[in-house]
Q: 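Okay, here's the structure, questions in a sec.
Throughout, numbering of the chain's residues begins at 1 and tracks the sequence.
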Amino acid sequence: MPSVSAHTGAPRPSAWRPTQVAAPLLAWFAQARRPLPWRERYDPYAVWISEMMLQQTQVETVLPYYRRWMERFPTLRSVAAAPLEAVLKAWEGLGYYARARNLHRAARMVVERHGGAFPDTMAGLIALPGIGPYTAGAIASIAFNRPVALVDGNVARVLSRLFAVGESPRSPSGRQRLWHLAEAALPPKQPGAFNEALMELGALICRPRAPKCLLCPLRGGCQARLSGDPERFPVRAARKARPVRRGVLLLALQGERLLVRRRPPGGLWGGLWEFPWTERQAEESPRETVRRLAREMGLPNRPAAKAGGAVSHGLTHFQLELDCFVLAVASRSARPAGADARWVTRDEWGALALGRLHHKALELLPDG
């Protein structure tokens with residue numbers, strides 16, 4: 001039997017057609033679906049929160065965050081009524097904090113413009129901050145049973161293998177092809193269950209590495225499996241190396257108090273608290289940089305800060321490498337520069353919302 005060509009897209013006689021996928025997939029999902037907490041009630045709020053948390057994050061990681069979130073914010077109105085800092089604190093550890101800021105803005109918009117009722121159309125959902133075609137499709141299909149397709153990472157992998165898509169899901173043409181296939185495969189009935197089933201298949205069976213093809217309900221017509229090399233799909237686009245940015249981070253101590261500052265509301269880690277840090281300028285040594293940072297923060301830089309280790313953090317577009325310095329500030333009257341900088345005790349620090357990078361830095365502080 002001839003192999004399918006990923007370049008020509010020539011189908012095998014035994015390959016699936018998009019309209020044939022729903023029935024076996026839904027039958028499998030009825031038996032295999034995991035009892036996840038957001039599946040206890042398919043209301044728009046629960047679906048929305050779960051989908052926002054699950055973007056680029058594994059289910060196992062999300063579960064405790066979701067449960068804590070629902071205890072703290074059981075309804076959309078409770079999110080809208082909360083200050084942004086409380087929302088950021090509840091989101092702490094999930095990363096991608098723009099999602100939490102958008103979530104807070106969207107909750108207030110739903111209350112103010114829609115009386116607290118989630119829009120049930122794609123246009124109404126996409127008009128909310130932080131909701132794009134994928135999240136809107138998830139809410140519309142799963143919560144409102146609208147016949148709307150969606151494509152996330154799991155769905156892209158499943159469809160790429162089922163139909164041997166010869167283009168990367170990251171390319172415009174590959175992305176368009178996958179959305180077309182998702183729409184063609186979507187059944188008019190049970191669209192939400194079908195979308196969940198596609199995502200579940202990608203999470204449990206059609207995994208990135210070592211897919212469990214023998215357990216797959218669609219194995220008979222999967223073109224990637226029939227080609228003999230399912231891991232060849234999805235086609236991988238060449239990744240650019242992330243540039244490295246280097247700087248320093250200042251752990252300033254005034255007795256038992258730490259110097260912290262709050263970032264501006266927008267941009268990287270917007271609204272979170274942090275230890276002061278800055279990138280190194282050209283031809284500047286780490287010690288020169290930390291002395292400059294101390295001056296900018298209104299602190300004495302004598303005696304010199306002591307090296308306290310280093311922290312590293314990967315972001316979407318670059319890698320951040322920071323040398324950490326510990327500076328003991330003897331004067332109780334030293335006031336940090338900037339309206340959003342202050343001294344806090346270690347107990348008070350624990351109540352502030354901060355990024356993972358600064359949790360790593362906190363571990364470098366000397367005991368006592």
Side-chain angles (χ1 to χ4, degrees), residues 1-34 36 54-56 58-60 133-134 137-138 141-142 147-239:
M1 186 177 295
S3 298
V4 71
S5 169
H7 300 288
T8 65
R12 308 175 62 97
S14 56
W16 289 110
R17 294 194 299 273
T19 54
Q20 295 175 311
V21 169
L25 184 61
L26 286 169
W28 169 82
F29 184 59
Q31 301 297 321
R33 66 193 297 275
R34 289 171 290 181
L36 301 173
L54 285 166
Q55 293 176 34
Q56 296 179 293
Q58 297 292 324
V59 167
E60 293 73 17
Y134 163 72
S141 64
I142 298 172
V148 179
L150 58 80
V151 177
D152 72 344
N154 282 324
V155 172
R157 185 168 59 257
V158 170
L159 295 178
S160 292
R161 288 175 175 168
L162 278 178
F163 302 105
V165 176
E167 299 165 284
S168 167
R170 296 177 179 272
S171 71
S173 57
R175 187 162 50 247
Q176 184 179 18
R177 170 69 173 148
L178 290 170
W179 275 95
H180 175 76
L181 287 169
E183 290 167 353
L186 189 75
K189 296 181 179 180
Q190 294 183 280
F194 176 78
N195 285 336
E196 278 199 288
L198 274 178
M199 292 187 284
E200 195 85 330
L201 189 71
L204 300 181
I205 303 297
C206 197
R207 305 177 304 183
R209 298 287 180 270
K212 301 178 180 179
C213 294
L214 293 178
L215 300 179
C216 179
L218 304 177
R219 62 187 179 276
C222 176
Q223 295 189 39
R225 176 176 177 267
L226 293 171
S227 76
D229 187 11
E231 290 188 45
R232 207 177 58 176
F233 302 93
V235 173
R236 293 172 180 80
R239 287 179 177 264

Q: How far apart are the C-alpha atoms of Glu167 and Val235, what are their side-chain angles, what is the distance that settles it, and do they pass the side chain to side chain contact (heavy atoms under 4.5 Å, CB included) test?
A: CA-CA 6 Å; Glu167 299 165 284; Val235 173; 5.9 Å; no
Q: Does anything in residues 148-164 form a salt bridge (charged side-chain N to carboxylate O under 4.0 Å, His left out)? List the pairs, not counting sequence neighbours.
A: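 Pairs touching residues 148-164 that pass the test: none.
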Q: More than 12 non-hydrogen atoms from neighbouring residues, nucleotides or ligands closer than 6.0 Å to CZ on Arg17, yes or no?
A: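 Not more than 12 within 6.0 Å, no.
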Q: Taking all non-hydrogen atoms of both residues, which atom of Ala22 and which atom of Ala185 are closest, and how far apart?
A: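 Answer, listing the atom of Ala22 first, then Ala185: CB-O, 4.2 Å.
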Q: Listed by chain and number, what are the side chain to side chain donor-acceptor pair (under 3.5 Å) partners of Arg175, not counting sequence neighbours?
A: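 Residues passing side chain to side chain donor-acceptor pair (under 3.5 Å) with Arg175: none at all.
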Q: Counting C-beta onward and ignoring hydrogens, is there a side-chain heavy-atom pair between Cys213 and Pro230 closer than 4.5 Å?
A: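 Answer yes - side chains close enough.
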Q: Take Arg177 and Leu159, measure what side chain to side chain contact (heavy atoms under 4.5 Å, CB included) needs, and give me the verdict at the end.
A: CA-CA 10 Å; Arg177 170 69 173 148; Leu159 295 178; over 6 Å; no
Q: Could you pull out all residues at least two apart from Gln20 that satisfy side chain to side chain donor-acceptor pair (under 3.5 Å)?
A: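 So Gln20 forms no side chain to side chain donor-acceptor pair (under 3.5 Å) with any residue.
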Q: Please identify each residue that fulfils side chain to side chain donor-acceptor pair (under 3.5 Å) with Ser171, with sequence neighbours left out.
A: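 By the side chain to side chain donor-acceptor pair (under 3.5 Å) rule, Ser171 matches no residue at all.
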Q: Glu231: what forms a side chain to side chain donor-acceptor pair (under 3.5 Å) with it, not counting sequence neighbours?
A: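 Here no residue qualifies.
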Q: Sorted by first residue and then second, give each side chain to side chain donor-acceptor pair (under 3.5 Å) pair with at least one member in residues 196-214; sequence neighbours left out.
A: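 Passing the test, one end in residues 196-214: Arg34-Glu200, Arg39-Glu196, Arg39-Glu200, Tyr42-Glu196.
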Q: Is there side-chain contact between Phe163 and Pro18, with at least one heavy-atom pair below 4.5 Å?
A: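 With C-beta onward as the side chain, the pair touches.
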Q: Which distance, rounded to the nearest 0.5 Å, do you find between the CH2 of Trp16 and the CG of Leu218?
A: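 So the gap between those two atoms works out to 5.5 Å.
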